[in-house]
Trainee: 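I have a structure here, written as structure tokens, and I will follow up with some questions on it.
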Protein chains: 2
Amino acid sequence: MVERTNRRDAIIEVASRLFLERGYAATSVRQIAEEVGVTEAALYYHFKAGKRELLEAVVQCNMPDLIGAVEACQRAETLHDFIVGFARGLAARAREHMNDKMRWLIAEFPNLNEEERALLRAKYLAFRDALRGQVRRFVSDEREAQFIASALLFVMFGYGQLMITLDMQSVIDFDTDDFVERLAQRFAC
Amino acid sequence: MVERTNRRDAIIEVASRLFLERGYAATSVRQIAEEVGVTEAALYYHFKAGKRELLEAVVQCNMPDLIGAVEACQRAETLHDFIVGFARGLAARAREHMNDKMRWLIAEFPNLNEEERALLRAKYLAFRDALRGQVRRFVSDEREAQFIASALLFVMFGYGQLMITLDMQSVIDFDTDDFVERLAQRFAC
DNA sequence: GTCTATAATACGATAGAC
DNA sequence: GTCTATCGTATTATAGAC
């Protein structure tokens, strides 16, 4: 493992912010170096493989922490409470820019190499399995638990991308709490 | 309305393909002109406002035809059949690159101006209302119909972005037909 | 590790001939 | 409408001094 200097981390942080704001292709190495307060040459010392290596680093540190949202509601005693708690956990993570990270990963997906795509898929799978494991506590049938976990996942993801990322919430009168409550009732019956 | 020449349309077509493949920022005017088989100067004759005008044209012609998916299953006689038919309609549209278009719109969302964002929101609203109208045929309660329409929308969108756009289907054993069937049962009960 | 300086190329955009 | 030619700038990346 290569030693990580503070400067290297600072570069990744700035690159991460700019990539998420404007996209990989629209961000220049010069802009990143300027905002960090170093020259391009210094940046290329830290990232010998250039801009692509910067992308790799940013992809790594922007993998969304989905698992945490499941762990946050392990104590629920009914499926209904679990679903409501899960939605609450995701909402908290949305405030930590989880939606922006997902939007960005989707946006840059065509630019990712196979290794990075595999990492993203592994994260997704681990998340789905954790979710299914929790649902399994309340649903005895394996296939039914699988279905509920997938459905919850799709609903939450679709909500995040449509309402938050595409900012539909600013123009639509949508009662999220009521939606989550109805969803929980529907799946817990 | 300005007269549209064949050449202008050819340029939009190539620009559309390249923008969707590589993104707006990563595609150069030169590449587009080359693939169309004209010079940059000729391209700037057709698009006096330059690259940004190209984006506007491509955004316009890549607004997904969501409404069609609802209209395709207007004859369903139960909510269960409607949901299954609706999923089938979306699957057909996925083959017409509707998912790629949605992925691209999400990716370029930060680059869109207010007019273009408003257009996207209007499309979404019209789609949701059409969906709710159909659900209303089977569900008397207005708010419940609203909930079901939103839930279906989020599920389908989440499925499309995760399974198709992020290509999870290539690595996960997922039975879509079984999923849709369980979904229909769950919401039609 | 960070700098100055610079290479080599690509970019968006335009002028003017035909 | 399409071309050639070109402008001014920005791009990724490197060489070599300190």
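Below, read A as the first sequence line, B as the second, and so on, with proteins coming before strands; counting in each chain starts at 1.
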Trainee: Between P on dT2(D) and CZ on Phe47(B), what's the gap in Å once rounded to a whole number?
Mentor: 12 Å
Trainee: Quick one: does Leu43(B)'s side chain get under 4.5 Å of Leu54(B)'s, heavy atoms only?
Mentor: yes
Trainee: Which whole-number value in Å describes the distance from Lys51(A) NZ to dT9(C) C1'?
Mentor: 15 Å
Trainee: Which whole-number value in Å describes the distance from Leu43(B) CG to dG1(D) P?
Mentor: 14 Å
Trainee: Given the structure, check if the side chain of Arg30(B) and the base of dG12(C) hold any donor-acceptor pair shorter than 3.5 Å.
Mentor: yes
Trainee: Roughly, in whole Å, what's the span from CG in Leu18(A) to C1' in dT11(D)?
Mentor: 16 Å
Trainee: Can you check the Asn6(B) CG to dG1(D) C1' distance for me, whole Å?
Mentor: 13 Å
Trainee: Tell me, with the steps shown, if Met168(B) and Tyr159(B) meet side chain to side chain contact (heavy atoms under 4.5 Å, CB included).
Mentor: CA-CA 10 Å; Met168(B) 295 290 176; Tyr159(B) 171 87; over 6 Å; no
Trainee: Start at the 5' end of DNA chain D and walk down; is the nucleotide closest to Glu40(B) or to Gly37(B) reached first?
Mentor: Gly37(B)
Trainee: Would you mind telling me which residue lines up with the more 5' stretch of DNA chain C, Tyr44(B) or Val38(A), judged by nearest nucleotide?
Mentor: Val38(A)
Trainee: Rounded to the Å, how far apart are Gln31(B) CD and dT11(D) C1'?
Mentor: 14 Å
Trainee: Below the 4.0 Å mark, does dC3(D) have OP1 or OP2 next to a side-chain nitrogen or oxygen of Thr39(B)?
Mentor: yes
Trainee: Could you pull out the closest heavy-atom pair between Asn62(B) and Lys101(B), with the gap in Å?
Mentor: OD1-CE, 3.4 Å
Trainee: How about Arg103(A) and Ile164(A): do any of their side-chain heavy atoms sit closer than 4.5 Å?
Mentor: no
Trainee: Where the side chain of Ala41(B) is defined as all heavy atoms beyond and including C-beta, which of dA13(C), dT14(C), dT4(C) is the nearest nucleotide?
Mentor: dT14(C)
Trainee: Counting only side-chain heavy atoms from C-beta out, which of dT2(D), dG1(C), dT12(D) sits nearest to His46(A)?
Mentor: dG1(C)
Trainee: Would you say the side-chain atoms of Gln185(A) and Glu181(A) include a donor-acceptor pair closer than 3.5 Å?
Mentor: yes
Trainee: Answer yes or no: does a side-chain N or O of Tyr45(A) lie under 4.0 Å from OP1 or OP2 of dT2(C)?
Mentor: no
Trainee: I need the NZ-P distance between Lys48(B) and dT2(D), as an integer number of Å.
Mentor: 11 Å
Trainee: Does OP1 or OP2 of dA10(C) have a side-chain N or O of Ser28(B) closer than 4.0 Å?
Mentor: no
Trainee: Considering just the side-chain nitrogens and oxygens of Arg7(B), establish if one lies under 4.0 Å of OP1 or OP2 belonging to dT2(D).
Mentor: yes
